[in-house]
S.K.: 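Below: one structure in structure tokens.
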Amino acid sequence: MNWIVHQLWLIPALPFLAAGVLALTPRRQRAFAARLAISALAVSLALSCAAFVATLGHAGTGTFRERVNFTWFQFGDQALRLGWVLDPLAAVMLVMVSFVGLLIFIYSVGYMAHDANFTRFFCFLALFAGAMLGLVIANSLLLLFVCWELVGLASYLLIGFWFHKPEAAAAAKKAFITTRIGDVALFLGMLWLYSAGGTLLFYDAGEGCLENAALARIAGPSLVGWGTLVGISLLIFGGAIGKSGQLPLHVWLPDAMEGPTPVSALIHAATMVAAGVFLVARVFPLMKPDWPSLAGGIPLAGTPPPDATLAITWVGAITAVFAALIAVAQTDIKRILAYSTVSQLGYMFLGLGVGGVAVGMFHLLTHACFKALLFLGAGSVIHGCHDEQDIRRMGGLRRPMPVTFATYAVGMMALSGVPLLFSGFWSKDEILHAAHGWAGSRIPFYLGLFGALLTAFYMTRQMVYVFFGQRRAASTPPAAASGIRHPASGEPHESPLVMTVPLAILAVSAIVLGFLGTPAWPWLQTYLGADHGGSGGVELAKLLTKETLWLMAISTAVVTAGIGLAWRWYGQRPITDAGTPDPLQMSFPAAFRWLRQKFFVDEFYAATVIRAHAAWARFSDLLDAWLWGGLVLAVHFLTQGLSWASRFFDEYVVNLGFDAACRRLRRDGAFAAGLSDGKLQNYLRGIGTAFACLLVLLLWGGCR
């Protein structure tokens, strides 16, 4: 076993240790807090790279998987075991999370430089990173669930970091409660899996819950076993829906923008929302069982039965289009990116459903780089514009902020899927290619194309609003609600190097990473175990096949159309005033209102689910006050009445009788005591009296 496998626990342990130390560190130790958190994650990145290197020699063979399992505690003859695992899926996620997280940590030094709670912020960041890294290496669904909940806790703390803002406090509560709905489903699926399979370890020498022996036990020879597998899979997928912000539990994710921008980048790029996709990828053998390999476990003759990937595909495809439509009409620079994240997560689930782990994970990895770039770029814009987030109040920023503009443009083109050079093109096309060949339906493929059109449209719209045209903001900067203090001048300015250098590194990554998964050289897919039917080397012929070229042409046409339409609507009609209505709004006011109001989903939930819960709470309060409270009062009065009756009986029956008997006994005792007073004459008098009485009795008896 490779040495790094035994040391794998250090990767999450170091950020956890840093978080524990910073929790006890005084607020004034700002430099120490930043150095400790960054150093801890840097060492985690080095160890992650070592773990990644350890898997390279076995990449694509499907045989490399090393684990360390141990007993957590024993109850009766049962042992609850935990462990960690190293395989290509875990290795590539470790590198991605620690790499992107480290850049976000460094960026935060500049962005949060003037925040009063700088030390506490880095404590929460370290906790977040440690929880996500622990989730990645977990070889047990129980350990994964523990880290999953720690990720939720850290997100609550970071989203509500500026707790003095009511919006931030409300957003933190909304995120925490909404994701708990999915977590309940995940917890129920975990209990069901343990009951049916007898273990929560993923891999355990052939007996893990993702290995054929356990899957065969669960599946059995009947439809009941098939239903059990599908039911467990759907419950676990419910947890992924909540954490990754898919319909219908997407409502928390855009509101998470109330946290500091580095938090938005960390949540939306490398950690929390990626956790749901990673969970589905980790338990994919459960989501899509290999029915022929399960001995006696095929419940239906002929074609294999449907599995959870059917639901994963449709949820992902619908969410991708739904969120992209909403992003078209938003004006907050971070909320546009937030709905973009929801949409791209939909693409990832679509890729998992139609193409498997390699397809979905390829887009997850590329998205982590370019979406972190976009969020950090948005933070640079907000920093340079003195806390302004409304794109209508920006404009003309490409000249005063050239580095931010250049790097943001790279992220925009990667997200839009501009052909050939940018990573988003290759990962998105891989999903579309898999969706085109999906046997279930062609509709997800067309939804994916429509989502790609919308993505290119709303990202071009945002670029035009923010970086082109003329400056539309007022000369006086808005109040710094975030607590960050900037120079008094209202003129935009470029961010410091500590913020722009991470942007440049992410921009390069957003380009380079895509070339690791092209049809000509699908290295990443092969590394993750996908079978491409080739040698694993560079094969240009695969890039020139008719189907590949046709799909690339369609994708290119769709992206070009999206960019062209947006430029026609916004670029050729210069917006000179922040109060000017959106051109799309002027042409389609009714549709634009629905998009601006996010299809009124929040209002629908407020009018139905939340109102029902509020009504139930009021009903429960009435029950508590009148029924249960009345019963408690009745019991109280009954008990009090019984106590009074008991007291009356005790004092006026028991006590009086006892007192009378005591007085009589006392009088009799006094009389008896008087007979024994120790005087001889009294004794003689008594004897004489008794003798006289006896004599009278004898005489009276004799006379008769």
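Heavy-atom basis, side chains included; hydrogens, waters and symmetry copies ignored. Starting from 1, each residue takes its place in the sequence as its number.
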S.K.: Is the ring pair Tyr527/Trp523 parallel, tilted or perpendicular, if the boundaries are 30 and 60 degrees?
M.R.: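 Rings of Tyr527 and Trp523: parallel, under 30°.
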S.K.: Say whether His363 and Gln344, considering side chains only, have a donor N or O and an acceptor N or O under 3.5 Å apart.
M.R.: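 His363 vs Gln344: donor-acceptor pair found between side chains.
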S.K.: Test ring-ring contact (aromatic ring centres under 6.0 Å, His included) on Phe322 and His250 and set out the steps.
M.R.: CA-CA 10 Å; Phe322 177 84; His250 68 286; 5.2 Å; yes
S.K.: Enumerate donor-acceptor pairs with a distance under 3.5 Å from any side-chain N or O in residues 546-554 to protein atoms, sequence neighbours excluded.
M.R.:
from   : atom 1 : to     : atom 2 : distance (Å)
Thr548 : OG1    : Lys542 : O      : 3.4
Thr548 : OG1    : Thr545 : OG1    : 2.8

S.K.: Answer whether the closest heavy-atom distance between the side chains of Leu45 and Cys49 falls below 4.5 Å.
M.R.: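 They are in contact (side-chain heavy atoms under 4.5 Å apart), so the answer is yes.
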S.K.: Within the structure provided, determine whether Cys209 and Leu141 are in side-chain contact (heavy-atom separation under 4.5 Å).
M.R.: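 No, side chains not in contact.
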S.K.: For atom CZ of Phe187, decide whether the heavy atoms of other residues, nucleotides or ligands shown that lie under 6.0 angstrom number more than 12.
M.R.: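 No, CZ of Phe187 has 12 or fewer neighbouring heavy atoms, counting only those of other groups under 6.0 Å.
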S.K.: Show the atom names and distances, to 0.1 Å, of all donor-acceptor pairs under 3.5 Å that link a side chain in residues 310-319 to residues at least two apart or in another chain.
M.R.:
from   : atom 1 : to     : atom 2 : distance (Å)
Thr313 : OG1    : Thr309 : O      : 2.8
Thr319 : OG1    : Leu247 : N      : 3.3
Thr319 : OG1    : Val315 : O      : 2.7

S.K.: Side chains of Ser509 and Leu513: closer than 4.5 Å at any heavy-atom pair?
M.R.: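 Not in contact.
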S.K.: Which pairs with one or both residues in residues 446-455 pass salt bridge (Lys or Arg N to Asp or Glu O under 4.0 Å), sequence neighbours excluded?
M.R.: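 Matches after skipping sequence neighbours: none remain.
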S.K.: Are side-chain heavy atoms of Glu207 and Leu201 found at a separation under 4.5 Å?
M.R.: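 Not in contact.
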S.K.: Do Thr366 and Phe422 pass the side chain to side chain contact (heavy atoms under 4.5 Å, CB included) test, and can you show the C-alpha distance, the side-chain angles, and the key distance before you say yes or no?
M.R.: CA-CA 9 Å; Thr366 60; Phe422 300 96; over 6 Å; no
S.K.: Knowing that exactly one of Leu188, Ile232, Val283 qualifies, which makes a side chain to side chain contact (heavy atoms under 4.5 Å, CB included) with Leu193?
M.R.: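 So, applying the side chain to side chain contact (heavy atoms under 4.5 Å, CB included) to Leu193 and each of Leu188, Ile232, Val283, only Ile232 qualifies.
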S.K.: Report yes if some heavy atom in the side chain of Leu94 is under 4.5 Å from a heavy atom in the side chain of Leu8; otherwise report no.
M.R.: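 The answer is yes, as the side chains (C-beta and beyond) meet within the 4.5 Å cut-off.
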